[in-house]
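Presented below is the structure to which this report refers.
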Amino acid sequence: MTTFIKQLSANDIGSTGSHQAGILVPKGDPELVGFFGKLDPSHLNPDAWISCVDEELKEWRLRFVYYNNKLHTPGGTRNEYRITHLTKYFKSVNAAHGDSLVFTSSSEPRHFSVRLERSIKPEIHTHRRRVVLTGWRKVH
DNA sequence: AGCCATGCACCG
DNA sequence: CGGTGCATGGCT
């Protein structure tokens, strides 16, 4: 069981007015990418559906997608992972810029629990190891 | 690398 | 017609 946390940007929750689909999943850490499932890079824009259960046991189906036209289309510029279909959830919990989205894996592949952590809360737990990537961190 | 943005399609 | 998501480019 592993937990990854993403601190939400303004664009993530849609407060910038953009209707971009989804939060970013940095491809820098293979473990983070593998955490959400395996997407075949040999295909163009492969995706997979994941299931996330919140604290009220409500299930949210999210789309994990790898925009990779840089690898397949001449002149393509995309090479990044995203998770989409989060707007309803963000609305329901009144997510704000700076809040953190907490994903915890389960025994089932592609099944996770999610919860929103308000930014006001101080960081405790010294045994947590902060990992590398901007916006995301892993919790052991 | 990560966040910001947008033209178009689709749907209620 | 307004909101949402897709797939893409742009800016720092």
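In what follows, every chain begins at residue 1, and chains take the letters A, B, ... in the order their sequences are listed. As a basis for the values below, the full set of heavy atoms in this structure was taken, side chains included, without hydrogen atoms, waters or symmetry mates.
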Would you tell me if any nitrogen or oxygen in the side chain of A:Ser9 comes within less than 4.0 Å of OP1 or OP2 on B:dG2?
no

I'd like a table of atom pairs between the protein and nucleotides 10-12 of chain C - only N or O on both sides, under 3.5 Å - with the distance next to each one.
| from | atom 1 | to | atom 2 | distance (Å) |
| --- | --- | --- | --- | --- |
| C:dG10 | N7 | A:Arg78 | NH2 | 3.2 |
| C:dG10 | O6 | A:Arg78 | NH1 | 3.0 |
| C:dG10 | O6 | A:Arg78 | NH2 | 3.3 |

Can you check whether A:Lys91 has a side-chain N or O nearer than 4.0 Å to OP1 or OP2 of C:dT4?
yes

Is the shortest side-chain N/O distance from A:Asn68 to OP1 or OP2 of C:dA7 below 4.0 Å?
no

By nearest atom, which of the nucleotides B:dA5, C:dG9, C:dT4 is closest to the A:Ser18 side chain?
B:dA5

Just the rounded figure in Å: distance from C1' of C:dA7 to CD1 of A:Ile23.
18 Å

Rounded to whole Å, please give me the gap between CD1 in A:Ile13 and P in B:dA5.
13 Å

Figure out the NZ/C1' separation between A:Lys88 and C:dG2, and round it to whole Å.
13 Å

Strictly below 4.0 Å: does A:Thr16 bring a side-chain N or O up to OP1 or OP2 of B:dC3?
no

Heavy-atom closest pair, residues A:Asp12 and A:Gly22
OD1-O, 4.3 Å

Rounded to whole Å, how long is the line connecting atom CZ of A:Phe90 with atom C1' of C:dT4?
14 Å

Base B:dG7 to side chain A:His19, donor-acceptor N/O within 3.5 Å cut-off
yes

CG of A:Asn45 to CZ of A:Arg82, rounded to nearest 0.5 Å, is 10.0 Å

Any heavy-atom pair between the side chains of A:Trp60 and A:Val53 that's under 4.5 Å?
no

Atom CD of A:Gln20 and atom C1' of B:dC3 are separated, to the nearest Å, by 8 Å

Check this for me: does any side-chain nitrogen of one of A:Arg110 and A:Glu108 sit under 4.0 Å from a carboxylate oxygen of the other?
no

Show, in sequence, the C-alpha distance, side-chain angles and deciding distance for A:Phe112 and A:Phe35, and conclude whether the ring pair (Phe, Tyr, Trp, His ring centres under 6.0 Å) test is met.
CA-CA 10 Å; A:Phe112 307 85; A:Phe35 174 75; 5.1 Å; yes

Where do A:Val25 and A:Leu32 come nearest, in terms of heavy atoms and distance?
CG1-CG, 3.9 Å

Euclidean distance, atom CG of residue A:Leu71 to atom P of C:dT8 [Å, nearest integer]:
12 Å

Taking all non-hydrogen atoms of both residues, which atom of A:His111 and which atom of A:Ser106 are closest, and how far apart?
O-OG, 2.9 Å

Here the distance between atom C1' of B:dC3 and atom CG of A:Leu86, to the nearest Å, is 16 Å

Could you give the CH2-to-C1' distance, from A:Trp49 to C:dC6, as a whole number of Å?
11 Å

Taking the six-membered ring for Trp, are A:Phe36 and A:Phe4 closer than 6.0 Å centroid to centroid?
no

Would you say C:dC6 has OP1 or OP2 under 4.0 Å from some side-chain N or O of A:His85?
yes

Does the side chain of A:Lys6 get closer than 4.0 angstrom to OP1 or OP2 of B:dC3 through an N or O atom?
yes

Name the residue closer to the 5' end of DNA chain B, choosing between A:Asn79 and A:His97 according to the nucleotide with the nearest heavy atom.
A:Asn79

Listing time: all N or O pairs from protein to nucleotides 9-12 of chain B that are below 3.5 Å?
none

Regarding the side chain of A:Tyr67, the nearest nucleotide among B:dG2, C:dC6, C:dG5 is C:dC6

Going by the angle between their ring planes, with limits at 30° and 60°, are A:Tyr81 and A:Phe64 parallel, tilted or perpendicular?
parallel

Given the rule in the side chain to side chain donor-acceptor pair (under 3.5 Å) test, do A:Tyr66 and A:Asp40 qualify, once you have shown the distances and angles that lead to the verdict?
CA-CA 9 Å; A:Tyr66 181 28; A:Asp40 188 352; over 6 Å; no

